[in-house]
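Before any comments, here is the structure.
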Amino acid sequence: MLIKSRRGWELPESAVTPESVYINRRSLLAAAGAAPIAAGLGGLLGTGAARAQMVDPTADLYPVTRNLRYRVERELTGEEEATTYNNFYEFGSHKQIWQAAQELDIRPWTVTFDGMVEQERTVDVDTLIRAMPLEERVYRHRCVEAWAMTVPWSGFPMAALVDFARPLSSAKYVRMETYQDEESPGFRQFWYPWPYVEGLTMEEAANDLAFMVTGLYGKPVPPQNGAPLRLATPWKYGFKSIKSIVRFTFTDERPVSFWEELQASEYGFWANVNPEVPHPRWSQATEKLLGTNERVPTRIYNGYGEFVASLYDGMASTERLFL
Ligand code: MTE
């Protein structure tokens, strides 16, 4: 991950993504003629003033009841910290993107279900959200860069979304894709393999912990945290928790994620949290808590082993589960 404005515990950009990686990608793209990156939802953009006045049409749904099955023995991170210190490369490869992200047009917004499904379809996000069983869950979030937060997400189990999509039994993975348009400044960084893509196995997607986020701190989730629909997979490093999703594709081929395509030796498909497996360029033994900067030990599966360890039984020796 690139980090430009550094705090004491952050890594310099040079220590994170080596120049050779993005330079190589840049020259590859140039050689290939670099098809225009801007595509997709460009026609949906309104004026800045209209955006500023827009009230989220799901605002009436919040707050929702907290599900006490998901307890965390940690203080909640302050709302201001969690909503002003973000990773959202579509708006820049640094943490201070929250103001720029207000330009993201979160309505109208559609979500497409395609690939190995009974019937491909595209639905309006409000129709989808209102059809789902909303609840609040307090989850830990552990970024691969070794910072962490604890926040109350609102949303619904990913299993409910999978039911809604009606995948074929032959589907093995779900591939998720973020919006892409010419307005967000990050897309000008054309050496990144846009759009942002992530993937899970069908078993992971059906696991109780996998959660589709629509809200945060008892309100609709703000743009900088991935409005109107993002993923939370708290046992995995944060980059798996893809933001502002527009497409779910069911497939029998393992998806290649944004970060895996950029640097597979550092950001793998599984990305399960494990303090004993260092990132190739830094330790994962501890993490800094957003807000207090307290450093605490990292736990295997980010402390969620009771929910997910069985997903990986028998795989540990053959697969790189923790990179
Ligand atoms: N999703 C998209 N589309 N773009 C991104 O840059 N960053 C990921 C993840 N999802 C990212 C994304 C990373 S690295 C992390 S740690 C989390 O979002 C950060 O979520 P937060 O900003 O809500 O804390």
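Hydrogens, waters and symmetry mates play no part in the numbers below; they use all other heavy atoms, side chains included. As the structure lists them, so they are numbered: ligands from 1, and atoms in each ligand from 1. Remember, predicted model here, so these are calculated numbers, not experimental data.
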Out of W270, F258, F88, Y267, which one pairs with F239 under the ring pair (Phe, Tyr, Trp, His ring centres under 6.0 Å) rule?
Y267
Look at ligand 1 and say whether S241 reaches it with a heavy atom at a distance under 4.0 Å.
yes
Which ligand 1 atoms are under 4.0 Å away from a heavy-atom of N86?
21 (P), 22 (O), 23 (O)
At under 4.0 Å between heavy atoms, which part of W147 makes contact with ligand 1: side chain, backbone, both or neither?
side chain
F211 ring center within less than 6.0 Å of F156 ring center:
no
Would you indicate which of E90, E198, K95 comes nearest to atom 4 (N) of ligand 1 when only heavy atoms are counted?
E90
Heavy-atom contact check, 4.0 Å cutoff: does E145 meet ligand 1?
no
Assess the pair Y85 and W147: is the distance between their ring centroids shorter than 6.0 Å?
yes
Within ligand 1, which atoms have a heavy atom of C143 less than 4.0 Å away?
16 (S)
Do F187 and F91 have ring centres separated by under 6.0 Å?
no
Per atom 6 (O) of ligand 1, closest listed option by heavy atom (Y85, F258, Y89):
Y89
List every atom of ligand 1 that sits less than 4.0 Å from any heavy atom of T178, numbering the atoms from 1 in the order shown and giving each element.
3 (N)
Under 6.0 Å between ring centres, would you say that holds for F113 and F250?
no
Taken to the nearest 0.5 Å, the spacing of D126 CG from W109 CH2 works out to 12.0 Å
Would you mind running through ligand 1 and noting each atom that sits below 4.0 Å from a heavy atom of N225?
21 (P), 23 (O)
Determine the minimum heavy-atom distance between A82 and M149, stating which atoms define it.
CB-SD, 3.9 Å
Could you establish whether M149 and ligand 1 come within less than 4.0 Å of each other, counting only heavy atoms on the residue side?
yes
